[in-house]
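Throughout, a chain's letter reflects where its sequence line sits, starting with A, and its residues are numbered from 1. The structure displayed is predicted, hence computed values, not measured ones.
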Amino acid sequence: MSAIAAMEVNAEARRILAVSISKLYASRTQRGGLRLHRSLLLSLVMRSARDIYHSSRESECQSSEERMDTSSDPEEGQQQPGMPEPQTTLISSEPAQEEPDSADEECEITEDKENLSPTRQSRKRRGKASAAPDFLPIKRARLEPGEERYAAPPSCCRSGAGDSLIALSLNRVIPAF
Amino acid sequence: MAGAGGGNSDVQWCFSQVKGAIDDEVAEADIISTVEFNHSGELLATGDKGGRVVIFQQEPESKNQPQCRGEYNVYSTFQSHEPEFDYLKSLEIEEKINKIRWLPQQNAAQFLLSTNDKTIKLWKISERDKRPEGYNLKEEDGRYRDFHTVNTLRVPVFMPMDLMVEASPRRVFSNAHTYHINSISVNSDCETYLSADDLRVNLWNLEINDRSFNIVDIKPANMEELTEVITAAEFHPNQCNTFVYSSSKGTIRLCDMRAAALCDQHSKLFEEPEDPNNRSFFSEIISSISDVKFSHSGRYLMTRDYLSVKIWDLNMETRPVETYQVHEYLRSKLCSLYENDCIFDKFECCWNGNDSVVMTGSYNNFFRMFDRGYRQDVTLEASRENGKPRSVLKPRKVSTGGKRKKDEISVDSLDFNKKILHTAWHPLDNIIAVATTNNLYIFEEKLN
């Protein structure tokens, strides 16, 4: 996949992810409560978008490494997005298993890539692609008494801030019933 | 040429009536959520988002105009369901009527089942055209007479009165569904019926409202492993042991209640392999089945997914025998339809009386008919502009190519807020009821 096409797919996937997340949040305030069927379909779309987002990012990373560019530290000047969590009244007590594991693995892979070439600076403008995903709602969610705010690992913020959120959302949506 | 209907390629449809408010502002409670003819076609019931049921009755054919079928006029209106609150889950339960199903008529009264997300009710609709008059102890207005003034005794007699139609709830079937009820279906034995929610199907006896049997349960032990939900269910029209349920993955399972008490193991699985060329972000959503209907004969099954209608032969599970594209031009617009939520619309479908034609709705107040025998299809529009009585409906066309012909409408001009989700076909005649957002249109075959 060419770099441009990968970026387009990436942008499309991110947009769909953003739309899906906002739909998920909106559906919680719907009359009649959360609809299982709709939530399932939303999570399926988010999963597809996430998978495509990852595969297009991987192909981007590969193509940029091949060019032997030095990479700038993308975390400089980056907004740390608040990690909004789904309201805990809906979250089941079961720990999320599948999704965060794979998200962690992917974060690890990204970390390794970073470690491989610590001095490389990418001439490619990371700009919007790696800055805080703008689809994340900025407002931080209300915490229940006694709860601690979830601290996002920095690597996740860089490449897949959306991933952790989606991992949370995908896993929390269905067990909420 | 025009027309698809009744196995005769020359059927032309004409406007008969339209029911509902004319305002552009649609009150949410007036949104029609279900339409159903009874078994004789004499009665037509609609349910709305406000929890009301309105029943229309066909006037008998008048001798003056034998070529004109009777009009449908309001017969009864009642509040079937009220909004409720589930205190345990802090959830509001909508009063919207999801489905209405008529029971076959067994005596003078009519019975129907209506359901919202959680509760099913059996309603008796009966006529009263006589009332007793001439009580000894009561005046005609109901006040008790001073019995000192009673000198003679008389026998009260029934006197004719203006027809009154009464609807009374005979049974309330509640607390059996954790998830939202999407279907109800009366068994051909006329004693039992099923109700289906996202994960379970329950079997009820019409006489017993405090107990139901769970016959299908697809809830996984771990909800995180959930991959599909039940979207519709229906009993076979004449085999009382057979029913089907459709899923969000595009599969249909046929179950035989004689095989086991719990029908988790299907007897037949109807599934068509996905076309890899059509894979997209939204493939899974558009393959979700929104409606399933047996043919009157019981030989075929019809399913509706977002873009197509499929006819399955019960004897062949591997693929449908017929597939009709309802609005294929929307395939390239799935992303926008996802954003505006239209991709989640649940269209229904229906058969005509002799199973030769099927009908389903679309956007822009268009609805489509597919004639299975003549391999013809037609797109018609439900609109007040065609509202002159007996004016013939002109076929509509959506232009998909670059060049738009005269009278064609381009895909981008379609109004996605005007959707026809609910349609019904008279069981015997070529009369159809088509629900737009808040209006009910009745069309009939043009008779010469």
K.L.:
Less than 4.5 Å to any heavy atom of chain B: does that hold for the side chain of A/S22, its backbone, both, or neither?
P.N.:
neither
K.L.:
Applying salt bridge (charged side-chain N to carboxylate O under 4.0 Å, His left out) as the test, list every pair that has at least one member in residues 332-343 of chain B; sequence neighbours left out.
P.N.:
A/R15-B/E339, A/K23-B/D341, A/R38-B/D341, B/K333-B/D412
K.L.:
Do other residues, nucleotides or ligands put more than 12 heavy atoms under 6.0 Å from the CD atom of B/E28?
P.N.:
no
K.L.:
Can you tell me which portion of B/F281 sits under 4.5 Å from chain A's heavy atoms? Options are side chain, backbone, both or neither.
P.N.:
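Both the backbone and the side chain of B/F281 come within 4.5 Å of chain A.
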K.L.:
Given that the side chain runs from C-beta out, which part of B/L199 has a heavy atom under 4.5 Å from chain A: side chain, backbone, both or neither?
P.N.:
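For B/L199, the side chain is the part near chain A, not the backbone.
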K.L.:
Determine, stepwise, if the pair B/E348 / B/R304 fulfils salt bridge (charged side-chain N to carboxylate O under 4.0 Å, His left out).
P.N.:
CA-CA 7 Å; B/E348 291 174 10; B/R304 176 68 155 99; over 6 Å; no
K.L.:
Pick from A/Q30, A/R31, A/E12: which one has the most heavy-atom pairs with chain B under 4.5 Å?
P.N.:
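It is A/R31.
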K.L.:
Decide whether B/Y245 and B/T231 meet the rule of one side-chain donor and one side-chain acceptor closer than 3.5 Å.
P.N.:
no
K.L.:
Given a strict heavy-atom distance threshold of 4.5 Å, which part of B/K346 is in contact with chain A: side chain, backbone, both, or neither?
P.N.:
side chain
K.L.:
Run the salt bridge (charged side-chain N to carboxylate O under 4.0 Å, His left out) test on B/D264 and B/K219 for me, step by step, so that the C-alpha distance in whole Å, both residues' side-chain angles and the decisive distance to 0.1 Å come before the verdict.
P.N.:
CA-CA 10 Å; B/D264 282 358; B/K219 183 176 179 181; over 6 Å; no
K.L.:
Taking it one step at a time, do B/K249 and B/E284 satisfy salt bridge (charged side-chain N to carboxylate O under 4.0 Å, His left out)?
P.N.:
CA-CA 7 Å; B/K249 272 189 170 173; B/E284 279 142 332; over 6 Å; no
K.L.:
B/T178 versus chain A, heavy atoms under 4.5 Å apart: side chain, backbone, both or neither?
P.N.:
neither
K.L.:
Pick from B/E84, B/K118, B/E95, B/E228: which one has the most heavy-atom pairs with chain A under 4.5 Å?
P.N.:
B/E95
